[in-house]
Amino acid sequence: MSVETGPVHPASAPRDPAAGSRAVLPADVVRRAPKALLHDHLDGGLRPQTIVELAAETGYGKLPTTDAEELGRWFVEAADSGSLVRYLETFAHTVGVMQTPEALARVASECAQDLAADGVVYAEVRFAPELHVERGLALTEVVEAVLAGFREGEAAAAAAGNSIRVGTLLTAMRTAARSREIAELVVVYRDRGVVGFDIAGAEAGFPPSRHQDAFDYLRGESCHITIHAGEAFGLPSIHEAVAFCGCDRLGHGVRIVDDITIEPDGSATLGRLARYVRDQRIPLEMCPTSNIQTGAAPSYAEHPIGLLTRLRFRVTVNTDNRLMSGTSMSREFLALSEAFGWGLDDMRWVTINALKSAFIPFDERLALIEQVVKPRYAALAAETL
Ligand SMILES: O=c1[nH]cnc2c1ncn2[C@H]1C[C@H](O)[C@@H](CO)O1
Ligand SMILES: [Zn+2]
């Protein structure tokens, strides 16, 4: 199989201070640099204080604590379990307080504002409508409340001087059987802010092809699809997602490294699936901190994002769940700067990768790249010279 050739990307080398490699990026520069986020769960990014207030307002009585600071720590510690299934158990409390239109709209509005304050200029945020019907809301009411919340949050962020555009992805739970209904909702709301479809939840034992009819329907409707695959389960899941389900992007996809062999001389040999994913430029929505928590990667320094970047896969950097991972886009980039010596040029490369992979129309992606990302990185680079 093909052996890696060609130019090595600057993000390739692990940071080695003794060798005089590049300095870690200043936190302020990382925050101000424009960022694009493709993989963020609405129910994984609530402010702890909001959870406490919504629990009181809606009569949700199962929170482990009503002290917001303690609650924030509880989520990170409980999610830091080494298992995706245990990580996912923590969502009972966020989903538990997101069962009314007001709560859904508030969470969505705050999500847009928090991302914008962190320098995110474009985000696709996902959630599973079927998880928010415990108190009798219709799926359409759930979607409409979230869409209204995002619009409100965008306006509030713009008023505060931080412009952001938020697209919505509708997720179907892979462990349930409502994927076809959710796929139909994607089509209904495609011109009102919904930009694509996803499946999420426990991966082992629930292959993507279980939802084949939803994927076939969406492809027939020319809709965009991303699939959580290759996170808690390996290559067969990625293969199905790519070969049979027709995904445009892979959620995580981190286990694609199982199809790459590092030779004794340090070169990489790609198997057929890894080669296909790279050749087709299938974007990988990588979420380093989340992967460390669920045991999909041992540490930042050993996270496959270093190798996959060096091999020029279409890598993107994402938060997954800001609450459970105690993270933000800036924190993810700072960790990568620390682990691999990433600089502003690497951030810019990853950000343009993400925008090229976004599910909004091509001309709108291009406008963000040319009118927002490139000029702002150029200004930052000039400032930090
Ligand atoms: O990283 C993940 N892998 C699989 N499922 C996930 C992940 N993060 C969140 N979820 C689930 C839990 C949420 O309730 C659901 C919809 O956002 O998606
Ligand atoms: Zn996810």
Side-chain angles (χ1 to χ4, degrees), residues 38-39 41-43 84-85 88 91 124-133 139-140 142-143 167-191 194-256 258-259 271-287 294 296 313-314 316 318 320 357-359:
L38 301 180
H39 190 134
H41 293 257
L42 184 66
D43 52 337
L84 176 60
V85 171
L88 294 177
F91 286 79
E124 288 176 12
V125 179
R126 62 191 74 196
F127 73 103
E130 68 200 71
L131 298 179
H132 304 279
V133 296
L139 290 173
T140 49
V142 172
V143 174
T168 304
L169 302 177
L170 300 185
T171 294
M173 298 310 290
R174 63 202 308 157
T175 46
R178 301 192 74 169
S179 51
R180 172 67 191 228
E181 276 173 276
I182 304 303
E184 287 171 7
L185 278 181
V186 171
V187 174
V188 169
Y189 287 96
R190 66 194 305 175
D191 296 322
V194 172
V195 298
F197 177 75
D198 165 52
I199 59 168
E203 188 176 9
F206 298 95
S209 55
R210 219 170 155 257
H211 304 279
Q212 194 65 46
D213 64 327
F215 297 121
D216 291 346
Y217 166 72
L218 286 165
R219 285 206 315 280
E221 294 289 339
S222 306
C223 287
H224 295 294
I225 298 169
T226 180
I227 298 181
H228 278 76
E231 177 190 18
F233 199 65
L235 294 176
S237 189
I238 296 178
H239 179 252
E240 280 198 2
V242 169
F244 305 138
C245 305
C247 67
D248 300 286
R249 305 195 306 239
L250 285 165
H252 298 284
V254 68
R255 295 265 45 96
I256 196 67
D258 295 350
D259 200 35
R272 286 195 189 282
L273 183 59
R275 204 162 56 150
Y276 184 82
V277 167
R278 186 173 70 161
D279 288 348
Q280 292 301 111
R281 315 303 300 140
I282 297 175
L284 303 174
E285 303 164 357
M286 312 212 79
C287 311
T294 62
F313 280 74
R314 186 171 279 182
T316 68
N318 302 276
D320 208 10
S357 314
F359 288 164

Starting at [atom1] of [X], measure out to [atom2] of [Y] and round the result to the nearest 0.5 Å.
X    : Y    : atom1 : atom2 : value
H224 : C247 : NE2   : SG    : 13.0 Å
H252 : E231 : NE2   : CD    : 3.5 Å
M286 : L250 : CE    : CG    : 9.5 Å
T226 : H39  : OG1   : NE2   : 7.5 Å

Handout entry: Partners passing side chain to side chain donor-acceptor pair (under 3.5 Å) against D213 (at least two apart in sequence or in another chain)
Key =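 Here no residue qualifies.
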Distance-minimising heavy-atom pair for [X] and [Y]:
X    : Y    : value
L139 : R178 : CD1-NH2, 3.6 Å
E203 : G230 : OE2-N, 2.7 Å
V254 : A296 : CG1-CB, 4.2 Å
V142 : F127 : CG1-CE1, 3.7 Å
L273 : D259 : N-OD2, 3.1 Å
G234 : R255 : CA-CB, 4.0 Å

Practice task
Name all residues meeting the salt bridge (Lys or Arg N to Asp or Glu O under 4.0 Å) criterion together with D198; count only those two or more places apart in sequence or in a different chain, and write none if there are none.
Solution key: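 For D198 the salt bridge (Lys or Arg N to Asp or Glu O under 4.0 Å) partners, ignoring immediate neighbours, are R126.
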Practice task
List in chain and number order the residues that pass salt bridge (Lys or Arg N to Asp or Glu O under 4.0 Å) with R180, two or more places apart in sequence or in another chain; answer none if no residue qualifies.
Solution key: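 Testing R180 for salt bridge (Lys or Arg N to Asp or Glu O under 4.0 Å), a comparison that skips the adjacent residues, returns E184.
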Exercise for the section: Test I238 against I227 for side chain to side chain contact (heavy atoms under 4.5 Å, CB included), laying out the working first. Expected result: CA-CA 9 Å; I238 296 178; I227 298 181; over 6 Å; no
Handout entry: Main-chain N/O of H228 paired with R174 side-chain donor or acceptor, under 3.5 Å
Key =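 Present.
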Exercise for the section: Please say whether the positively charged group of R249, taken as NZ for Lys or CZ for Arg, lies over the ring of F359, i.e. under 6.0 angstrom from the six-membered ring centre and within 45 degrees of the axis. Expected result: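 Yes, a cation-pi geometry.
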Exercise for the section: Assess whether atom OH of Y217 is packed by more than 12 heavy atoms of other residues, nucleotides or ligands within 6.0 Å. Expected result: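 Count over threshold, so yes.
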